[in-house]
Amino acid sequence: MSEFRAAQFRTALGRARGLGSAKHGVGHFIGQRVSAVALLFLTLWGVAAALSVAAGGYDGARTWLASPVNAALLGLLILAGLYHAQLGMRTIIEDYIERPITKAALLILNAFVGWGVAALALVSILKVTFGAGS
Amino acid sequence: MADAPPVLRARPLSPHILQWRWHITMATSILHRVTGVGLYVGLLILAGWALALASGPDIYATYAGLLGSLVGRIILFGVTVCLFFHIANGLRHLVWDFGKGLAPHTANITAWIALAFAGVAAVGVWVLAAVMGAL
Ligand code: HEM
């Protein structure tokens with residue numbers, strides 16, 4: 001098997017081209033930083049919002065989420081948070097899990113949880129926001 | 001070196017987890033990861049809150065009851081500590097990305113500041129919550 005690896009038939013330059021940086025790795029790094037800056041503001045807003053919503057019960061919370069600004073900011077907090085956390089969890093999985101099968105399974109699970117929770121949260125927010133006025 | 005021993009001895013591996021003096025920047029580095037995972041859990045709790053709110057008063061009351069229970073409050077307080085530590089330490093990360101604040105002395109000081117900030121801010125927010133009647 002190994003004697004017939006395609007790489008054997010490639011020139012030295014072709015092999016080197018295939019090995020170098022694909023110039024994509026930095027995308028995750030930048031994404032993690034940009035979402036960090038967004039989350040710095042969004043999470044602080046979230047703490048303040050939690051303080052004002054906590055005592056209001058069900059009706060208070062629905063009224064709060066009926067405001068488009070609150071709904072948009074909560075959606076952004078959850079989306080930016082999931083994006084940032086998904087990148088972070090990916091790094092953690094890649095750091096600790098060596099077995100390729102396990103690693104792939106966890107990375108897929110990480111993506112599924114991220115997208116799944118994002119969809120659930122967004123639909124929930126919109127349902128309350130649009131339902132509240134009627 | 002001319003008088004080096006002829007037989008190479010096994011060299012120590014460094015950094016090695018068992019041969020490494022604990023220092024504060026090491027603790028904050030690990031804590032950034034731990035608090036990041038803690039915040040992930042917090043985010044799932046927040047998404048669950050939105051889902052409960054969209055699912056009607058009964059489910060919302062159950063969910064709010066869980067969050068308001070003793071265990072729920074301990075978890076939420078933990079998430080608050082995670083948030084404030086992760087914010088402070090995340091800011092250290094962002095400063096380091098510009099090549100600043102990396103000298104050991106500076107990094108040690110900012111590590112302690114991040115830890116202190118996490119404790120003070122988390123307790124402060126919960127005291128504020130109690131004062132506002134949000135607990
Ligand atoms: C919903 C809120 C947040 C969640 C769930 C979260 C989660 C995470 C996770 C899981 C990691 C990966 C840790 C690792 O690789 O060791 C991480 C890294 C990071 N977080 Fe957050 N985080 C949140 C908010 C923030 C905020 C507000 C900031 C900014 C002040 C921030 C700054 C960073 C930075 C700079 C890194 C990269 C650290 C590195 O490169 O080692 N995060 N976050």
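Keep in mind that what you see is a predicted model, and the values were worked out from it rather than measured. First the proteins, then the strands, lettered A, B, ... as listed; each starts at 1.
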By residue number, those in residues 105-117 of chain A with heavy atoms under 4.5 Å from heavy atoms of chain B are Asn110(A), Val113(A), Gly114(A), Val117(A)
Worksheet entry | Student check: side-chain heavy atoms of Trp49(B) and Leu74(A) closer than 4.5 Å | yes
Nearest heavy-atom approach of Leu51(A) to Val125(B) is CD2-O, 4.0 Å
| query | Ignoring hydrogens and geometry, is there a side-chain-to-backbone donor-acceptor pair from Arg62(A) to Leu53(B) under 3.5 Å? | reply | yes
Bottom line for Leu77(A): the part with an atom under 4.5 Å from chain B's heavy atoms is both
Turns out that what part of Leu91(B) lies under 4.5 Å from chain A's heavy atoms comes down to side chain
By residue number, those in residues 57-80 of chain B with heavy atoms under 4.5 Å from heavy atoms of chain A are Pro57(B), Tyr60(B)
Note: vs chain B, highest number of non-hydrogen pairs under 4.5 angstrom among Gly81(A), Gly46(A), Ala61(A) is Ala61(A)
Applying a strict 4.5 Å limit to non-hydrogen atoms, the region of Val123(A) in contact with chain B is neither
So, the part of Leu83(B) with a heavy atom under 4.5 Å from chain A: the answer is side chain
With sequence neighbours left out, the residues meeting ring-ring contact (aromatic ring centres under 6.0 Å, His included) with Phe41(A) are none
The complete set of side chain to side chain donor-acceptor pair (under 3.5 Å) pairs with one or both residues in residues 36-51 of chain A, sequence neighbours excluded, reads none
Residues Ala134(B) and Ala55(A): closest non-hydrogen pair is CA-CB, 4.1 Å
Most heavy-atom pairs under 4.5 Å with chain B, out of Ile125(A), Leu120(A), Leu126(A), Leu82(A), belong to Leu82(A)
Applying a strict 4.5 Å limit to non-hydrogen atoms, the region of Leu39(A) in contact with chain B is neither
